[in-house]
Amino acid sequence: MDKYNLLQQLHSLRLKLHEIAEARGSLTDPDVLAISEEADQLIVELQYLQREELTYSSSRQSNI
């Protein structure tokens with residue numbers, strides 16, 4: 001999945017997380033935790049993509 005789609009999904013999950021946490025009145029509600037874990041997975045994917053971009057960028061500059 002590309003970075004733009006991951007960011008869109010993460011934004012959507014953040015909104016959903018705030019909405020459900022407010023409705024349930026608890027940050028430890030199982031549904032809130034499940035959404036939080038899903039967001040964490042997207043963040044890890046984004047970090048991986050950023051690391052790849054930096055590595056690629058650095059290797060291109062070394063070859064110049």
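Nothing here was measured: the structure is a model prediction, and the numbers come from that model.
- A continuous path of Ile, Leu, Val, Met, Phe, Trp and Tyr side chains, each step under 4.5 Å between heavy atoms, connects Leu49 with Leu42, placing both in one hydrophobic cluster.
- For the residue pair Ser36 and Leu17, the shortest heavy atom distance occurs at N-CD1, 4.0 Å.
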Which pairs would a plain distance check flag for residues 4-14, meaning a side-chain donor or acceptor within less than 3.5 Å of a matching protein atom at least two apart in sequence or in another chain?
| unit_1 | atom_1 | unit_2 | atom_2 | d |
| --- | --- | --- | --- | --- |
| Tyr4 | OH | Gln8 | NE2 | 3.0 |
| Asn5 | ND2 | Asp2 | OD1 | 2.9 |

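- Around CD of Glu22, the count of heavy atoms belonging to other residues, nucleotides or ligands within 6.0 Å does not exceed 12.
- Between the CD atom in Gln47 and the CD atom in Glu45 there is a gap of 11.0 Å [rounded to 0.5 Å].
- Residues that satisfy the side chain to side chain donor-acceptor pair (under 3.5 Å) test with Asp29, not counting sequence neighbours, are Arg24.
- In this structure, Ile43 places its CD1 atom where more than 12 heavy-atom neighbours from other residues, nucleotides or ligands lie under 6.0 Å away.
- With rounding to the nearest 0.5 Å, the separation of CG in Leu33 from CD in Glu37 is 6.5 Å.
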